[in-house]
Amino acid sequence: MSLLSAIVPCYNEEENVELFYSEFMKNASFLEEKGIDWELLYIDDGSRDKTVAEVKKLREKDERVHLVSFSRNFGKEAAMYAGLQKAKGDYVVIMDADLQDPPSLLPEMIGYIEQGYDSVATRRVSRKGEPPVRSFFARCFYKLMHKISKTEMMDGARDYRLMTRQVVDAILSMCEYNRFTKGIFGWVGYETKWLEYENIERVKGETKWNFWKLLLYSFEGIMAFSTMPLMIASLCGVLFCVVAFLMIIFVIVRKMLFGDPVAGWPSLVCIILLTSGIQFFCIGIVGQYLAKTYMEVKNRPIYLVKEEL
Ligand code: UDP
Ligand code: MG
């Protein structure tokens with residue numbers, strides 16, 4: 001009998017733990033018919049509400065429910081990584097606790113795995129219920145990533161994904177500290193089937209992401225999967241050298257033709273301000289990559305476990 005592990009990252013999801021379980025159970029009979037055993041891994045990402053107690057309650061009823069609880073909030077990326085490490089299944093699926101990733105898609109996903117796909121991914125085709133500004137920036141992000149990175153990232157892709165053991169092991173072999181799973185999925189490759197569905201709003205509780213967090217997360221993604229910003233910094237340098245060279249020629253020619261009228265002090269100040277601004281900008285880019293490298297070199301653990309059941 002094969003085993004399916006479902007990983008559910010939870011951060012302050014006390015209202016959703018039980019709801020998710022009952023929704024998942026509706027599809028469990030399908031799994032059993034197929035001869036697939038399952039385990040449910042709730043990864044508590046340092047919740048400050050009763051999430052852990054709720055999971056323990058479930059575990060008393062059902063031994064197939066497992067709990068990994070972090071010592072503090074490490075972020076969803078860390079929770080997913082922990083889940084992948086702890087999962088014993090031949091197939092592994094990652095699902096949000098808020099039911100935005102409908103378990104009802106599982107039978108279809110398993111169907112595709114049986115057809116020979118290595119992983120079945122999902123993307124939402126609409127962004128209904130989301131602030132328009134956020135959707136706009138999200139689209140821009142994916143367009144930009146498409147241009148500056150070789151790694152494939154699908155617009156609207158969710159982390160809801162069913163994978164075979166081979167793919168899971170490939171993802172686990174990428175043990176980087178600055179994790180951007182959407183990129184990692186694309187980077188490892190393998191044959192992926194994409195399923196599309198309309199956006200579903202979360203059942204209970206509220207999203208943990210605000211605009212600012214998402215913006216920072218997008219920078220994380222750019223830096224993790226592209227070195228194009230560094231290239232832009234270098235190009236800025238070359239461009240400004242060329243402009244400076246042309247201006248020197250211009251000044252020399254003007255001096256020879258018209259003498260040397262001392263003028264242009266304000267324009268000089270503007271040029272100095274502009275170039276020093278660009279310099280700081282470029283140093284900033286280099287600094288960001290250095291900071292990321294610094295964090296990688298420290299080699300800190302991605303998460304710390306407080307309790308495991
Ligand atoms: N989550 C987490 N750690 C965090 C933030 C979120 O484990 O620091 C979990 C959260 O409990 C949920 C999933 O990640 O199961 C997706 O989070 P959320 O619904 O807030 O994101 P959205 O769906 O709005 O993008
Ligand atoms: Mg959600």
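Note that the structure is a prediction, hence the values are computed from the model and not measured. Atoms within a ligand are numbered from 1 in the order they appear, just like the ligands themselves.
Given atom 25 (O) of ligand 1, the protein heavy atom at minimum distance is Trp209 CD1, 3.7 Å. At the shortest separation from atom 1 (N) of ligand 1 among protein heavy atoms lies Tyr11 CB, 3.8 Å. Here the protein heavy atom with the shortest distance to atom 15 (O) of ligand 1 is Pro9 O, 2.7 Å. In terms of protein heavy atoms, atom 18 (P) of ligand 1 is closest to Arg202 NH2, 3.4 Å. The shortest contact between atom 23 (O) of ligand 1 and any protein heavy atom is with Gln100 OE1, 2.6 Å. Nearest protein neighbour of atom 10 (C) of ligand 1, counting heavy atoms only, is Glu13 OE2, 3.1 Å.
Take Trp38 and apply the side-chain hydrogen bond (donor to acceptor under 3.5 Å, both in side chains) test, not counting sequence neighbours, and it matches Glu32.
Salt bridge annotation for Glu39-Arg64: absent, with no cationic side-chain nitrogen under 4.0 angstrom from a carboxylate oxygen. Electrostatic pairing of Lys193 and Glu108 does not count as a salt bridge here, judged by no charged N lying under 4.0 Å from a carboxylate O. A salt bridge is defined here as a Lys NZ or Arg NE, NH1 or NH2 lying under 4.0 Å from an Asp or Glu carboxylate O, and Lys213 with Glu220 fails to meet this definition. Taking 4.0 Å as the cut-off between side-chain N and carboxylate O, Lys76 and Asp96 count as a salt-bridged pair.
Applying the 4.0 Å criterion to heavy atoms of Thr207 picks out, from ligand 1, the atoms 20 (O), 21 (O), 22 (P), 24 (O). Distances below 4.0 Å separate heavy atoms of Ala97 from the following atoms of ligand 1: 15 (O). Atoms of ligand 1 found under 4.0 Å from any heavy atom of Lys208, numbered from 1 in the order shown, are 5 (C), 6 (C), 20 (O). Of all atoms in ligand 1, listed by their number and element, those nearer than 4.0 Å to a heavy atom of Asp98 are 19 (O), 23 (O). Under a 4.0 Å criterion applied to the non-hydrogen atoms of Asp96, ligand 1 contributes the atoms 13 (C), 15 (O), 16 (C), 23 (O).
Because its NZ or CZ atom is both nearer than 6.0 Å to the ring centre of Phe74 and within 45° of the ring axis, Arg72 counts as a cation-pi partner of that residue.
Side-chain contact between Leu4 and Asp37 is absent, with no heavy-atom pair separated by less than 4.5 Å. Side-chain contact between Val17 and Leu58 is present, with heavy atoms from C-beta onward closer than 4.5 Å. Under the 4.5 Å side-chain criterion, counting only non-hydrogen atoms from C-beta, Leu3 is not in contact with Tyr91. Under the 4.5 Å side-chain criterion, counting only non-hydrogen atoms from C-beta, Leu40 is in contact with Tyr42.
Counting heavy atoms under 4.0 Å from ligand 1, residue Cys10 touches it through the backbone alone. Contact annotation: for Lys76 versus ligand 1, heavy atoms closer than 4.0 Å belong to both the backbone and the side chain. Contacts of Asn73 with ligand 1, taken as heavy-atom pairs under 4.0 Å, involve the side chain alone.
Ring-plane geometry between Tyr197 and Tyr160 is classed as perpendicular, the angle between the planes exceeding 60 degrees on a 0 to 90 degree scale with a lower cut at 30.
A ring-centre distance under 6.0 Å is found for Phe137 and Phe211.
Residue-and-atom listing of protein N/O/S atoms under 2.8 Å from the Mg ion (ligand 2), sorted by chain and number: Asp98 OD2, Gln100 OE1.
Of the listed options Leu214, Asp101, Asp45, Asp45 places a heavy atom closest to atom 3 (N) of ligand 1.
Across Val120, Ile94, Thr192, a single residue satisfies side chain to side chain contact (heavy atoms under 4.5 Å, CB included) together with Arg161, and that is Thr192.
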